[in-house]
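What follows is a set of notes on a single structure, which appears directly below.
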Amino acid sequence: MATTGRAPPRAARGTRAIRAAQAMRPARGVSAALRAAVAGVALCVAAGAAAAGDRELGEYLSSECVTCHQLSGRFDGIPSIVGRAEPELIEALTEYRGKIRDNQVMRAIAAKFNDEEIAALASYFGSLEQEKDERNTDRTGDVRAFTSTMEGKK
């Protein structure tokens, strides 16, 4: 046989060569399982990064939020978002964006942000301290119980 640089046909390779080639190849389910595992790990890493939120990006994006929500945390008819827990803010903005909560203005604003930007806003507002002011609380002193009714129903 002349050498052409190509492998001989399968019949000419012999049984040992075929078995060796098959042994080196991963099983069919293994590569799919490996891809799924790698994708799962990547999603977990991305979710962890998104959950942390970029505070500086949140501060940059907050200009539209603070036109209504007071940076002082003062309650003047619009609920305070200053000092709120990040998961709570992420949930609220995601629900507005998904049209689960019932406030047209907030739906329009939340629709502009992707998951990373929502996490960044939550990180920024969650890191701020609320100023102590009589107008921040209702008669019981619980700001969250008072303002949650103002945020729109689920």
Side-chain angles (χ1 to χ4, degrees), residues 5 7 17-154:
I18 292 172
R19 286 188 183 142
Q22 288 173 342
M24 292 174 57
R25 202 176 326 141
R28 290 180 187 202
V30 172
S31 62
L34 183 60
R35 280 191 299 250
V38 169
V41 169
L43 284 174
C44 289
V45 169
D54 181 354
R55 188 182 182 287
E56 290 178 4
L57 174 61
E59 185 174 8
Y60 174 77
L61 296 171
S62 71
S63 63
E64 192 168 8
C65 303
V66 298
T67 58
C68 298
H69 297 278
Q70 301 289 320
L71 265 180
S72 66
R74 201 172 51 226
F75 178 80
D76 288 331
I78 296 174
S80 173
I81 56 176
V82 172
R84 290 269 177 107
E86 288 183 44
E88 183 182 343
L89 288 170
I90 290 171
E91 178 184 10
L93 286 170
T94 303
E95 288 177 353
Y96 282 122
R97 185 179 65 188
K99 298 181 180 177
I100 296 169
R101 291 197 184 203
D102 219 8
N103 183 307
Q104 295 302 318
V105 173
M106 284 302 301
R107 282 183 178 182
I109 291 170
K112 298 175 186 179
F113 299 118
N114 63 32
D115 289 341
E116 179 186 1
E117 293 167 333
I118 287 174
L121 285 165
S123 176
Y124 173 66
F125 284 110
S127 69
L128 298 176
E129 293 280 328
Q130 210 174 44
E131 290 178 10
K132 299 297 179 198
D133 188 344
E134 290 178 17
R135 290 181 285 179
N136 288 345
T137 59
D138 69 348
R139 291 183 204 132
T140 65
D142 185 0
V143 174
R144 294 180 200 275
F146 183 62
T147 61
S148 63
T149 59
M150 300 293 292
E151 293 180 353
K153 297 178 181 160
K154 290 185 182 180

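Sequence positions, counted from 1, serve as the residue numbers for this chain. All heavy atoms count here, side chains included; hydrogens, waters and symmetry mates do not.
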Q. Would you say the side chain of Glu117 lies within less than 4.5 Å of the side chain of Asp54, judging by non-hydrogen atoms?
A.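 No, too far: nothing below the 4.5 Å cut-off.
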Provide the closest heavy-atom pair for [X] versus [Y] in the form atom of the first, atom of the second, distance.
X	Y	result
Ser123	Gly53	OG-O, 3.7 Å
Leu89	Gly126	CD1-N, 4.2 Å
His69	Pro79	ND1-O, 2.6 Å
Phe125	Ser62	CZ-CB, 3.6 Å

Find the distance between [atom1] ([X]) and [atom2] ([Y]) and round it off to the nearest 0.5 Å.
X	Y	atom1	atom2	answer
Thr67	Ile78	OG1	CD1	8.0 Å
Glu86	Leu121	CD	CG	10.5 Å
Glu91	Arg101	CD	CZ	6.0 Å
Glu59	Leu128	CD	CG	8.0 Å

Applying salt bridge (charged side-chain N to carboxylate O under 4.0 Å, His left out) as the test, list every pair that has at least one member in residues 103-112; sequence neighbours left out.
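Applying salt bridge (charged side-chain N to carboxylate O under 4.0 Å, His left out) to every pair that reaches into residues 103-112, excluding sequence neighbours, yields Glu64-Lys112, Asp102-Arg107.
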Partners meeting side-chain hydrogen bond (donor to acceptor under 3.5 Å, both in side chains) with Gln70 (sequence neighbours left out):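 By the side-chain hydrogen bond (donor to acceptor under 3.5 Å, both in side chains) rule, Gln70 matches Arg74.
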**Asked** Given the rule in the side chain to side chain contact (heavy atoms under 4.5 Å, CB included) test, do Thr94 and Ile118 qualify, once you have shown the distances and angles that lead to the verdict?
**Response** CA-CA 8 Å; Thr94 303; Ile118 287 174; 4.2 Å; yes
